[in-house]
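Atoms within each ligand, like the ligands themselves, are counted from 1 in listed order.
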Amino acid sequence: MIELVDIAYVRSGAADLAGAVRFATEVVGLEHVDGPADDTEPGVAHLRADSRHHCLAFVEGVSGVIASAFTVDGPGALALAETELESRGFTVWRGGPADARSRRVGELIGFDDPFGNRIELVCGQQTLARPVRPGRGSGITEFGHLCLDAPDVAEAHRFWSTTFNARASDWIGDAACLMRIDEVHHKLAVFQGDRPGLCHVNFQVAELDDVFRNWHHLQDQGVPIEMGPGRHPQSGAVFLYFLGPEGLTYEYSYGVRRITDEAAWRPRYFDPAERGSIDMWLGPTQKPVTTRPQITRPQVLPEAVHP
Ligand SMILES: O=C(O)c1cccc(O)c1O
Ligand SMILES: [Fe+2]
């Protein structure tokens, strides 16, 4: 079993790189890391929410998620992960120095999960010592979780909980499984979707007020609100989903549960048909994925040109 230590980043293609960066900074409130002091790589922009060098990278090109990345403990753990994935029949790609540099990690490997979601495992992700300089005061404190689409959520849970150390924290019937890799209620979620993809990226905010201030700000800016403000009965978080450029759904949330007594926690099974199973406040619920435009996911690329 491969132990995931944390989520690392999401890497996404952006047809309009400048527009994606502008939205991520001025609307979402992330920091654009690449400045004159950073030897900027043409066509790649790194966005930061916390001490990680970045948690979101945009690569100029075809819109859509390129990879979702998790941290493992170190080079030894990464080598073991590579062997284990290969023994389970996965084709594993090993990133070269330029790939590692672009991601600000020591080493990385990549593979496609059984549903076609490209996953990267990394070690030595760079930490920035200086405080985050948010592009807007949205109150973001942390990269919270990432959510993937897969046609069969139970099968996805089986994959993530047997190949990896992910544990189900809660289920929303066959519509979603929320999984933890540490004390946080979920850092990885899988939602039912016809095809692989990135359902959303989540950022935690410092205060309840931030969710509502951001809601008004987004409305003022004409940003499509997908759902919320509402409250998830699973993590207990107050949430707001909105749609950014390049088909990327962002979620702000405040107050995610921590599971501190690992042995005592039993996953709960919510009924997706029950009103309130996604939003305890009974707001209009539309599964975020249904409001997303279908984005073209880049084909799995040969190793030499993997972005
Ligand atoms: O935070 C949650 O519990 C949650 C529930 C359903 C869907 C989500 O995206 C969530 O983050
Ligand atoms: Fe979420």
Side-chain angles (χ1 to χ4, degrees), residues 6-7 9-10 12 28 49-50 55-56 65 68 70 117 138-150 153-154 156-157 160 166-193 197-208 210-211 214-215 218 224-244 247-260 265-292:
D6 206 346
I7 46 176
Y9 56 78
V10 163
S12 174
V28 183
D50 50 34
C55 56
L56 181 59
V65 63
S68 302
F70 296 84
N117 287 300
S138 60
I140 289 176
T141 56
E142 201 180 355
F143 178 27
H145 61 258
L146 61 89
C147 180
L148 302 174
D149 291 328
V153 170
H157 167 258
W160 285 102
R167 285 93 72 199
S169 293
D170 282 312
W171 294 82
I172 310 173
D174 52 13
C177 182
L178 309 171
M179 290 175 268
R180 69 189 180 283
I181 52 176
D182 57 20
E183 281 190 358
V184 175
H185 178 274
H186 59 287
K187 285 209 168 157
L188 166 65
V190 177
F191 261 75
Q192 205 279 329
L198 181 71
C199 179
H200 62 268
V201 285
N202 170 286
F203 295 99
Q204 299 295 303
V205 292
E207 299 176 7
L208 180 61
D210 292 319
V211 177
N214 291 338
W215 180 43
L218 295 170
I225 304 294
E226 292 191 329
M227 208 197 318
R231 187 172 164 116
H232 290 307
Q234 294 79 29
S235 69
V238 173
F239 67 84
L240 180 66
Y241 297 93
F242 56 102
L243 182 62
L248 184 57
T249 294
Y250 293 87
E251 179 185 24
Y252 287 128
S253 69
Y254 167 74
V256 165
R257 176 195 308 277
R258 282 178 177 264
I259 295 175
T260 50
W265 185 264
R266 295 288 174 274
R268 298 163 303 170
Y269 298 81
F270 293 84
D271 178 358
E274 185 202 350
R275 269 207 88 207
S277 66
I278 291 269
D279 178 8
M280 296 167 76
W281 296 345
L282 309 179
T285 51
Q286 215 174 356
K287 207 172 74 171
V289 68
T290 58
T291 54
R292 255 172 338 127

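- The shortest separation from a heavy atom of H200 to ligand 1 is under 4.0 Å, placing the residue in contact.
- Looking at E251 and the Fe ion (ligand 2) together, the shortest N, O or S contact belongs to OE1.
- Taking only nitrogen or oxygen atoms, main chain and side chain alike, S235 reaches within less than 3.5 Å of ligand 1.
- Against a heavy-atom cut-off of under 4.0 Å, F191 is close to the following atoms of ligand 1: 7 (C).
- A centroid separation of 6.0 Å or more is found between the aromatic rings of F203 and Y252.
- Atoms of ligand 1 lying under 4.0 Å from any heavy atom of Y241, numbered from 1 in the order shown and given with element: 7 (C), 8 (C), 9 (O), 10 (C).
- Between I259 and E183, the closest side-chain pair of non-hydrogen atoms is not below 4.5 Å.
- Side-chain contact annotation: D170 with H185, donor-acceptor N/O pair under 3.5 Å present.
- At a heavy-atom distance under 4.0 Å, only side-chain atoms of L178, from C-beta outward, approach ligand 1.
- Remark: D271 CG is packed, more than 12 non-hydrogen atoms of other residues, nucleotides or ligands lying under 6.0 Å away.
- No part of F239 comes within 4.0 Å of ligand 1, judged by heavy-atom distances.
- Distances below 4.0 Å separate heavy atoms of H145 from the following atoms of ligand 1: 11 (O).
- Checking E142, H186, E251 one by one against N202, the side-chain hydrogen bond (donor to acceptor under 3.5 Å, both in side chains) holds for a single residue, E251.
- For the pair NE2 of H200 and NE2 of H145, the angle at the Fe ion (ligand 2) is about 100°; rounding is to 10 degrees.
- Using a 4.5 Å cut-off on side-chain heavy atoms (C-beta onward), F270 and I278 make no contact.
- N117 places a side-chain N or O within donor-acceptor distance of the main-chain N or O of G197, the cut-off being under 3.5 Å.
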